[in-house]
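These notes concern the structure reproduced below.
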Amino acid sequence: QLDAVRALLAAVAERRLPADAPVLGAPAGYWYDLADRRPLETARALGVPLLALFGGRDYQTTAADAALWR
């Protein structure tokens, strides 16, 4: 099973799957879109102040990620 998941993730990384192919509970297009996003570049291009809040127990955004936003 692990080998199958690795092969599926490799196919996503190489964009070999159609956008509607299911990958880990979401369509491949979701993963493609997520990989294409550049949040820091987008935020800088807005040209307005932003409020970014990070919690001390935030498990999805690390302290290193928060530092990038500072």
Side-chain angles (χ1 to χ4, degrees):
Q1 287 178 340
L2 193 52
D3 289 337
V5 171
R6 285 185 180 130
L8 186 60
L9 293 178
V12 169
E14 296 168 8
R15 295 181 184 244
R16 291 186 280 122
L17 298 174
D20 61 347
V23 179
L24 301 178
Y30 168 81
W31 301 109
Y32 299 155
D33 179 69
L34 196 60
D36 292 340
R37 291 179 182 262
R38 301 290 177 254
L40 290 174
E41 292 172 17
T42 301
R44 285 187 185 113
L46 293 175
V48 296
L50 296 175
L51 173 63
L53 303 173
F54 302 96
R57 291 183 167 200
D58 190 338
Y59 298 106
Q60 295 179 346
T61 304
T62 65
D65 293 332
L68 290 173
W69 284 91
R70 287 187 189 98

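One-based numbering along the sequence shown.
- With hydrophobic clusters built from ILVMFWY side chains whose heavy atoms lie under 4.5 angstrom apart, L34 does not share a cluster with L40.
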Audit row: Q1, V5, side-chain contact (heavy atoms from CB on, under 4.5 Å) steps and yes/no: CA-CA 6 Å; Q1 287 178 340; V5 171; 5.6 Å; no
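- Two different hydrophobic clusters hold L50 and L53 under the rule that ILVMFWY side chains link at heavy-atom gaps under 4.5 Å.
- Between the side chain of Y32 and the backbone N or O of L17, at least one donor-acceptor pair lies under 3.5 Å.
- Of all heavy-atom pairs between R15 and A35, the closest is NH2-CB, 4.1 Å.
- Atom CD of Q60 has 12 or fewer heavy atoms from other residues, nucleotides or ligands within 6.0 Å.
- A pairwise comparison of heavy atoms in V12 and W31 identifies CG1-CB, 3.9 Å as the closest pair.
- Taking every heavy atom of both residues into account, A19 and P27 meet most closely at O-CB, 3.3 Å.
- Remark: side-chain polar atoms of W69 are not paired, donor with acceptor, to backbone N or O of A52 under 3.5 angstrom.
- The CZ atom of R70 sits 11.0 Å away from atom CG of D65, with the distance rounded to the nearest 0.5 Å.
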